[in-house]
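Inspection log for the structure reproduced underneath, given as structure tokens.
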Amino acid sequence: MNPTPEPAAAAASAAAATEPAPAPMPLPPPGPTAEEAAKFVADSEARLAAMNVDAQRASWVQSTYITDDTQVIAAKENEKLINAGVEMAKEAAKFDHLQLPYDMRRKLDLIKLALTSPGPSDPALTAEMARIGSELEATYGAGKYCPPGKTGDDCWDIGEIENLMRSSHDPQKLLEAWRGWHTVSPPMRDKYTRFVQLMNQGARELGYADVGVMWRSKYDMKPEAFAAEIDRLWNQVKPLYDSLHCYVRWNLTKKYGESVVPPGQPIPAHLLGNIWAQEWGNIYDVVAPPKANRGYDLTQILQKRKDIDELEMVRFGERFFMSLGFAPLPKTFWSRSLFVKPRDRDVVCHASAWDVDDVEDLRLKMCIEKNADDFTTVHHELGHNFYQRAYNTQPFLYKDSANDGFHEAVGDTIALSVTPAYLKTVKLIDTEPPASADIPLLLRDALDKIAFLPFGVLMDKWRWKVFSGEVTPANYNAAWWELRKQYQGIAPAGARGEELFDPGAKYHIAANVPYARYFLARILQFQFHRALCQIAGYQGPLNRCSIYGNKEAGARLEKMLAMGKSRPWPEALEALTGQKQMDATAIVDYFRPLLDWLDQQNQGKTCGW
Ligand code: X8Z
Ligand code: ZN
């Protein structure tokens, strides 16, 4: 970054013109040396590794036992980590001018970019930021909606809200649940505003224009190039989304009437089977053609099978990974994880996978329900855990995925192999549905996978604008709904004023987890799936390919996972797929038959919004 000034050399050559040059003296280098850089990297890596374990333990207890005390304890550990992270990032920048061996340079860059919420150098401000961060997540985790006249156990938590959104087709009830959940976030609004100010101050001290630029700098490319990459990929898949939107809206209008779902207008956000309208698979029965038969309904199967409990759902996931050649999860996974919502306390139910000691203390935290969504989510989370274990012999700074989209994509890739043939093999269904079920099956998949894409883009589009100041606290909500309309073609029922804070009703905003990763993962998982199916020698439609039991595919996957973050992500991608670019043609290929079908269905209908 900084050009190396060489004043001493210039002075010496000027002197040579007039008198004989004296014997050159060995000059000390102008800044810190390569040896100092090596020592700094080694010390920092060891220090970060130690602090990280403490912070993870505190955070685990906070998330599985929300009280004022656990919030304070977690905030303090996080504060220590942020202070150290900021100090190290500044120190690391002092070596920018040096030519260094690959690993040292990469690790210094990783140290500079490690933080998600950089704090200001004033310790009081970082303490404030860490406290707010902890409170925001706890507010979300403990969030409940109490219908009029109800208290205590009669109030609805996120699980109950999600269940209602999943199963009810009563627009009034859906709207009440939708509005109810969105009462959880207005108290976050001012705190979030302050949180953004403090993070931005921290990011600026580290040399970034704002924290959004810092987030976008984590992808082995320039931040502008990353933003362009998101747009490129989105434009590749947008036609799929537009077709699905058109088809779904037409069917919702048929179901609820033009006064509820007006043609040519955005779809009301409460009618899509999911509180955030991010995945629509739960309204499959509402929008599927009357005679379509996909052969089975996994939610119904799981609920009927009394021998399958929540833990057994996790065992299905573990067995899948084992069939690929991965070692079983450690015993402590089963004793330390949280699998079901405890009755006696508040926990952060939003699913996550942990690696507390960065070696083998793997854990799952999830309030599992017996339904198809959670069957998929279990695989998603185990993907994180198996990734964590695969890279556990890497040095600490490389104990991460190639980029964060990779971490989110692995378990989903496995879940793509949960095909009818697989379900038959593991005795969840008796007979495989015939080829004629493909369109219904693909439609069910698309309602989750394709519907998610614009949501995956807009979450961080909103935050990037908030961080840059383009969106101010005075128009947080308006900007949110503008993006929801622009990308997703959905709209709230009724006005949503600025006294509300609808973005905060989504976990990743409250908990400050970047979201572009999930969009990348939707693209990558189909690329991984296509490659693994090819490695497995599979020929046939991609939606019928399962790599279950295929050791060759497993070994190839493991090879990429074991690289951790040691190389730039295009190399990891190449190791698995032979491609160096993220490529949306895989998801398009997968859904091709459905696309043709949707286009037929949409003929003569009003599309767009
Ligand atoms: O947050 C998650 C996982 C944990 S990393 C459950 N997901 C995103 C979401 O729920 O919004 C998985 C899909 C997208
Ligand atoms: Zn995840």
Side-chain angles (χ1 to χ4, degrees), residues 56 59-60 63 116 137 140-141 143 158-159 161-162 165-166 181 185 269 272-282 310 313-314 317 321 337-339 341 347-355 362-369 371-388 400-416 418 445 447-463 484 487-488 502-526 528 561 587:
Q56 294 233 61
S59 179
W60 173 267
S63 303
T116 303
E137 183 169 4
Y140 183 96
I158 182 63
I161 300 262
E162 287 192 270
M165 300 301 296
R166 178 177 290 131
W181 181 248
S185 48
L272 291 156
N274 174 283
I275 186 72
W276 307 279
Q278 67 179 62
E279 277 152 340
W280 305 348
N282 293 319
E310 293 80 1
M313 286 168 62
V314 184
F321 280 91
S337 289
L338 184 141
F339 298 113
K341 184 172 163 42
V347 302
V348 177
C349 272
H350 190 85
S352 52
W354 299 58
D355 181 10
L362 306 173
R363 304 181 197 179
L364 169 62
K365 176 185 69 59
M366 184 171 171
C367 303
I368 303 177
E369 306 252 352
N371 60 48
D373 282 353
D374 279 8
F375 196 74
T376 306
T377 302
V378 161
H379 289 76
H380 173 94
E381 297 305 331
L382 291 187
H384 288 306
N385 286 133
F386 280 95
Y387 209 155
Q388 288 157 346
D400 201 349
S401 52
N403 71 37
D404 53 8
F406 282 59
H407 230 311
E408 299 304 337
V410 173
D412 285 8
T413 302
I414 300 306
L416 287 177
V418 175
D445 283 351
L447 288 166
D448 277 346
K449 299 291 181 186
I450 305 284
F452 180 82
L453 295 164
F455 185 76
V457 173
L458 77 85
M459 279 278 287
D460 279 357
K461 289 269 180 186
W462 182 79
R463 275 189 290 208
R484 295 268 266 171
Y487 282 93
Q488 284 185 288
D502 294 327
K506 176 68 191 162
Y507 172 76
H508 303 70
I509 305 275
N512 200 41
V513 180
Y515 210 81
R517 59 184 63 179
Y518 300 105
F519 174 71
L520 300 181
R522 286 292 144 131
I523 305 293
L524 285 168
Q525 62 190 256
F526 288 91
F528 293 171
L561 302 189
I587 188 171

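Computed over heavy atoms, backbone and side chain alike; hydrogens, waters and symmetry mates excluded. As the structure lists them, so they are numbered: ligands from 1, and atoms in each ligand from 1. Values in this document were obtained by computation on a predicted structure and should not be read as measured data.
There is no side-chain donor-acceptor pair under 3.5 Å between His350 and Tyr140. Under 3.5 Å, the side chains of Asp412 and Gln525 contain a donor-acceptor pair of N or O atoms.
Every atom of ligand 1 is numbered from 1 in the order shown, and the set under 4.0 Å from a heavy atom of Lys506 is 9 (C), 10 (O), 11 (O). Set against the non-hydrogen atoms of Gln278, the atoms of ligand 1 under 4.0 Å away are 9 (C), 10 (O), 11 (O). When each atom of ligand 1 is checked for a heavy atom of Glu408 under 4.0 Å away, the hits are 5 (S).
The Zn ion (ligand 2) lies closest to atom OE1 when only the N/O/S atoms of Glu408 are considered.
Nearest non-hydrogen protein atom to atom 11 (O) of ligand 1 is Tyr515 OH, 2.5 Å. Of all protein heavy atoms, the one lying nearest to atom 5 (S) of ligand 1 is Tyr518 OH, 3.0 Å. In terms of protein heavy atoms, atom 10 (O) of ligand 1 is closest to His350 CE1, 3.3 Å. In this structure, atom 13 (C) of ligand 1 lies nearest to the protein heavy atom Arg522 NH2, 3.7 Å. Closest to atom 6 (C) of ligand 1 among all protein heavy atoms lies Glu381 OE2, 3.2 Å.
Here's the thing with His384: none of its N/O atoms is less than 3.5 angstrom from an N/O atom of ligand 1.
Within the structure, the closest approach of His508 to ligand 1 falls below 4.0 Å when heavy atoms are considered.
When distances to the Zn ion (ligand 2) are checked against a cut-off of 2.8 Å, His384 contributes an N, O or S atom below that limit.
In this structure, the ring of Tyr387 has its center no less than 6.0 angstrom from the ring center of Phe406.
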